[in-house]
Amino acid sequence: MPELPEVEVTRRAIAPHVENEIIENIQIHEHRFRWPIIKELPDLINGQKVESLTRRGKYLIFKVAGGHILIHLGMSGSLRLSENRLPEKKHDHVGISMSSGWTLWLNDPRRFGSVLWTKEPVLSHKLLSKLGPEPLTDDFTAETFYKASRNRKGPVKAFIMDSHIVVGVGNIYASESLFMARINPMTPANEVALEQYSKLVECVKLVLEKSIKSGGTTLKDFMSGEGKPGYFQQSLSAYGREGANCVSCDDKIIKIVIGQRATFYCPSCQI
DNA sequence: ATCGCCTCCTGCGCGC
DNA sequence: TGCGCGCAGGAGGCGA
């Protein structure tokens, strides 16, 4: 479900109800995720204060004394605050009840997400240590893309979705960013010029920032932690618009498959 | 190192 | 109405 904007919107919604609150109880109704939830987790975090809730890429990081809880939402995961301490919906697999009275429910039908425990330093964790720069910081530049792309012959769309190059650009925003930058998604990454990467970096930042401001993209069921849907789907120019008119020329958006993922672009605008 | 493919899992919409 | 199929917002791991 979530790409970076949806994770960030979720983080902002739930942080005020979680930060500086005590974890009174974690209930785990399903351990089978991408990686199984360790049995020791309740003993490690019950009674602990959440010192901060931050984000790295699509990972949410709950800092407690002695370590961190990492939550990744995979394809279908979502976090929801509820006053109910019992599961309300199918696939409410994990509930974290806080001293604020709220319970944070992790709902994840497909269970591609994960709930991990790691000691400090959190960024040394195997899954975080090799991640590329955050797209909304100054660490992410045209040079980032350019240098990393010189021996990459694969399509530029797959390249920008590689979290080891830059984090947070998923399938929707990859198509959107390439549309805005007028780059054909099939272009081999090493054939994209520095000036084009400069434009692309600008577009990635704009698309992600605008989506966060819109509350993310709700295709089927994305809701922020407070239960609000996103509105960025109304702003999509390419993703999901196969056969529809391009917003900037007379041609129609077409759909192709790159790396087993649906890809949308305008064959006239994106050379 | 890089690439393309496979996999994990459930739910939904579509065509017949 | 029911069934089978294909597809879905991620990303690690595999063999080549």
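A note on names: the letters A, B, ... follow the listed sequences, proteins ahead of strands, and every chain is numbered from 1.
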Rounded off to whole Å, could you give me the [atom1]-to-[atom2] distance for the [X] and [N] pair?
X      : N      : atom1 : atom2 : result
A:F33  : C:dG10 : CZ    : P     : 18 Å
A:M161 : C:dG12 : CE    : C1'   : 14 Å
A:Y173 : C:dG10 : OH    : P     : 10 Å
A:F222 : B:dC12 : CZ    : P     : 19 Å
A:L127 : C:dG12 : CG    : C1'   : 8 Å
A:R110 : B:dT7  : CZ    : P     : 14 Å
A:K220 : B:dG13 : NZ    : P     : 7 Å
A:K157 : B:dG4  : NZ    : P     : 13 Å

Under 6.0 Å between ring centres, would you say that holds for [X] and [Y]?
X      : Y      : result
A:H125 : A:Y59  : no
A:F140 : A:F145 : yes
A:F232 : A:Y173 : yes

[options]: which one has an atom nearest the side-chain heavy atoms of [X]?
X      : options               : value
A:R261 : B:dC5, C:dG10, C:dG12 : C:dG10
A:W35  : B:dG11, C:dG12, B:dC6 : C:dG12
A:P155 : C:dA11, B:dG4, B:dC9  : B:dG4

Could you check whether [X] gets within reach of a base, just the sugar-phosphate, or nothing at all, counting any heavy atom under 4.0 Å?
X      : value
A:R34  : base
A:A262 : sugar-phosphate
A:D162 : nothing
A:K126 : sugar-phosphate
A:K153 : sugar-phosphate
A:Y239 : sugar-phosphate

Along DNA chain B (nearest heavy atom to each residue), the more 5'-positioned of A:R32 and A:G259
A:G259
Pick the closest DNA chain B nucleotide for A:Q260 and for A:A148 by heavy atoms, then say which residue is nearer the 5' end.
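The residue closer to the strand's 5' end, by nearest nucleotide, is A:A148.
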Does the side chain of [X] get closer than 4.0 angstrom to OP1 or OP2 of [N] through an N or O atom?
X      : N      : answer
A:K130 : C:dG12 : no
A:K58  : C:dG10 : yes
A:H72  : C:dA11 : yes
A:N171 : C:dG10 : no
A:H164 : B:dA1  : no
A:R152 : B:dC3  : yes

Nucleotide paired to B:dC9 in any strand shown, Watson-Crick or G-U, under 3.5 Å
none
Test item: side-chain donor near acceptor, A:N171 and A:K157, under 3.5 Å:
yes
I'd like to check, for A:F112, whether its ring lies over the base of C:dA11 with centroids under 5.5 Å apart and a plane angle smaller than 30°.
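According to the criterion (under 5.5 Å, under 30°), no, A:F112 does not stack.
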Pairwise side-chain contact, A:S52 with A:E19, heavy-atom cut-off 4.5 Å (strictly under):
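They are in side-chain contact.
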Taking atom NZ of A:K205 as the centre, does the number of heavy atoms from other residues, nucleotides or ligands within less than 6.0 Å exceed 12?
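More than 12 within 6.0 Å, yes.
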When you compare B:dC9 with C:dC3, how far apart are their P atoms, in angstrom units rounded to a whole number?
24 Å
B:dC9 base / A:R111 side chain donor-acceptor hit below 3.5 Å:
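By the distance-only test, no, there is no pair.
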Under the criterion side chain to side chain contact (heavy atoms under 4.5 Å, CB included), which of A:L44, A:I45, A:V18 is the partner of A:I23?
A:I45
